[in-house]
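Okay, structure first, notes after.
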Amino acid sequence: MKIFFEKRRKTFFTILCLVLAITIKVISFFPEWVEKYYSNGVYIYISKILHFSLGWLPFSIGDLLYLLLIGYLIYQMIKLVKNFRKLFSPKNIKRAFVKILFIGLMVYVVFYGFWGLNYSRIGISGQLNLDNQNYSVQDLDTLVALLQKKLNTNASLLTPAMRDSFRRNRQLFDGATRAYQLAAKQYPFLKYKAASVKPSVFSYLFNYTGYQGYYNPFTGEAQVNTTIPQCVEPFVASHEIAHQLGYAKESEANFVGYLVGSKHPSVNFRYSVYFDMYNYSIRELYYADSAKAKNYNGALHSQVIKDIDDYRAFYERYKNPVEPLLKWVYSHFLMFNNQPSGMESYSEVTRWLIAYYKKYGKEAI
């Protein structure tokens with residue numbers, strides 16, 4: 001009887017997860033509904049519960065969970081090797097299939113239920129009434145000129161002491177939190193409470209994958225790789241907080257990071273934001289008109305040139321054959337989640353920036 005009820009219980013939960021997964025997928029086809037009832041409704045309460053529950057801890061619970069998962073997978077692999085002969089019996093194959101199906105469905109439901117549905121929201125375009133559909137080379141050229149001016153100006157104000165002040169993670173994360181508190185006065189939808197931004201225990205490992213941070217939807221924590229060059233750390237922290245607020249798409253998280261950081265009283269934050277935005281935009285301009293792009297790069301402040309060289313040298317040290325494969329996998333994950341450009345979707349922040357200055361004026365940049 002115990003075995004019978006155990007099987008019925010597993011079957012029930014598998015069917016329940018399947019029904020929930022199908023329901024979530026159907027809901028994702030209705031962006032207006034997702035925006036109104038999920039992103040600005042259910043998700044707000046989910047994120048608050050996670051932030052208040054775990055945000056106060058000085059270490060990342062999400063990282064610890066992933067470490068336990070890695071340990072569990074290693075344990076299962078060892079068991080698999082030991083019982084290799086028994087693996088291919090019909091009974092074991094069926095059991096393994098059901099187990100994998102159940103785990104896959106459960107992860108899908110939790111991931112998209114806790115956060116992933118935000119991939120299907122209307123997002124920043126609806127909140128700011130921006131049209132980011134098409135732009136010309138001239139529009140891009142104008143954007144690069146505006147960003148270069150801001151970047152050079154902030155570079156001239158930046159001192160080593162200002163940059164060193166962010167060697168302490170707490171100051172970096174407090175600065176990012178303050179950026180959102182200030183931005184919320186103009187954009188109430190960027191209100192950020194119960195901060196939960198933490199250094200990742202995988203930071204050094206991330207250098208080999210090219211990742212600068214990540215958001216953990218299962219714990220609501222924003223993780224920052226604190227070993228990357230200091231010139232990009234403030235923007236990365238702002239980007240990950242944008243994910244916490246429900247901006248799942250990478251181009252939108254970049255744009256929100258720009259919105260909050262470009263008006264920050266800290267030169268560090270402003271410089272970091274314009275450094276990233278310039279690099280995304282100049283790359284797009286280079287594809288369209290390499291001569292113009294080279295001219296802009298030739299007129300950069302010496303501090304910017306040094307930071308670009310240091311940034312490239314940093315990642316050159318960690319180049320390895322696995323990184324392209326991981327980026328290919330993540331690129332296809334993004335494609336599956338309403339970002340057809342894959343990894344290139346990060347650079348699509350240029351569309352938002354152009355739409356932004358066209359609506360609010362060049363001085364807004």
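Residues take their numbers from the sequence shown, with the count starting at 1. Note that the coordinates shown come from a computational prediction; the quantities given were computed from them, not determined experimentally.
- Defined by atom type and a distance below 3.5 Å, a donor-acceptor pair is present between the side-chain atoms of N225 and T227.
- Applying the 6.0 Å contact sphere to CZ of F314 captures more than 12 heavy atoms from other residues, nucleotides or ligands.
- Ring geometry for Y208 against Y318 counts as perpendicular: the plane angle is over 60°, on a 0 to 90° scale with 30° as the lower cut.
- Checked for salt-bridge contact, D174 and R178 miss the test: no charged N lies under 4.0 Å from a carboxylate O.
- Closest of all the heavy-atom pairs between E35 and N40 is O-ND2, 2.8 Å.
- Between the OH atom of Y187 and the OH atom of Y180 there is a distance of 12.5 Å, given to the nearest 0.5 Å.
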Audit row: K358, D131, salt bridge (Lys or Arg N to Asp or Glu O under 4.0 Å) steps and yes/no: CA-CA 9 Å; K358 280 189 170 183; D131 178 11; over 6 Å; no
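- Applying the 6.0 Å contact sphere to OH of Y286 captures no more than 12 heavy atoms from other residues, nucleotides or ligands.
- Side-chain contact, Y271 with D307: a donor N or O sits under 3.5 Å from an acceptor N or O.
- Note: L259 CG to N254 CG = 11.5 Å, rounded to the nearest 0.5 Å.
- The distance from the CD atom of E250 to the OH atom of Y346 is 3.5 Å, given to the nearest 0.5 Å.
- Taking CE from M106 and CG from L20, the interatomic distance works out to 12.5 Å, rounded to the nearest 0.5 Å.
- Proximity of the aromatic rings of F206 and Y214 is defined here by a centroid distance below 6.0 angstrom, and this criterion is met.
- A distance of 9.5 Å separates OG of S331 from CD of Q339, quoted to the nearest 0.5 Å.
- The two residues A288 and V137 have their closest heavy-atom pair at CB-CG2, 4.0 Å.
- The closest side-chain donor-acceptor pair between Y278 and N152, if any, does not fall under 3.5 angstrom.
- Residue L157 comes nearest to R270 through the heavy atom pair CD1-NH2, 4.1 Å, listed as atom of the first residue, atom of the second, then distance.
- For Y356 and Y360, the ring centers are positioned less than 6.0 Å apart.
- The residues D63 and K198 are annotated as not salt-bridged, no charged nitrogen and carboxylate oxygen being separated by less than 4.0 angstrom.
- Here the two rings, on Y330 and F333, have centers that are under 6.0 Å apart.
- A donor-acceptor contact closer than 3.5 angstrom links the side chains of R283 and S347.
- At a cut-off of 3.5 Å, with distance as the only test, no side-chain donor of S272 or E233 sits close to an acceptor on the other residue.
- In F111, the CZ atom is crowded: over 12 heavy atoms of neighbouring residues, nucleotides or ligands sit closer than 6.0 Å.
- The distance from atom NZ of K249 to atom OG of S341, rounded to the nearest 0.5 Å, is 10.5 Å.
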Please report the C-alpha distance between S196 and E221 in whole Å, then the side-chain angles of each, then the deciding distance to 0.1 Å, and finally whether the side chain to side chain donor-acceptor pair (under 3.5 Å) criterion is met. CA-CA 5 Å; S196 186; E221 297 166 303; 4.8 Å; no
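- The aromatic rings of Y215 and W115 lie tilted to each other, with the angle between the two planes from 30° to 60°.
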Derivation and outcome, salt bridge (Lys or Arg N to Asp or Glu O under 4.0 Å), residues K327 and E323: CA-CA 6 Å; K327 287 190 173 179; E323 181 187 348; 3.0 Å; yes
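- In R312, the CZ atom is not crowded: 12 or fewer heavy atoms of neighbouring residues, nucleotides or ligands sit closer than 6.0 Å.
- Environment of NZ in K359: crowded, with over 12 heavy atoms of neighbouring residues, nucleotides or ligands closer than 6.0 Å.
- Ring geometry for H239 versus H243: interplanar angle over 60°, hence perpendicular rather than tilted (30 to 60°).
- With hydrogens and angles disregarded, a donor-acceptor distance shorter than 3.5 Å links the side chain of S238 to the backbone of P234.
- Taking the centre and axis of the six-membered ring of Y287, the NZ or CZ atom of K292 falls outside the cone set by 45° and 6.0 Å.
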Between W352 and Y258, is a side chain to side chain contact (heavy atoms under 4.5 Å, CB included) present by the stated rule, with each step listed? CA-CA 10 Å; W352 296 110; Y258 158 79; over 6 Å; no
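- Smallest separation of non-hydrogen atoms from Y274 and L151: C-CD1, 3.9 Å.
- Closest approach of P199 to F173, counting heavy atoms only: CD-CE1, 3.4 Å.
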For Q223 and Y66, run side chain to side chain donor-acceptor pair (under 3.5 Å): C-alpha distance rounded to whole Å, both residues' side-chain angles, the deciding distance at 0.1 Å, then the answer. CA-CA 13 Å; Q223 324 284 336; Y66 284 143; over 6 Å; no
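- Remark: side-chain polar atoms of E284 are not paired, donor with acceptor, to backbone N or O of L140 under 3.5 angstrom.
- The closest side-chain donor-acceptor pair between Y315 and N207, if any, does not fall under 3.5 angstrom.
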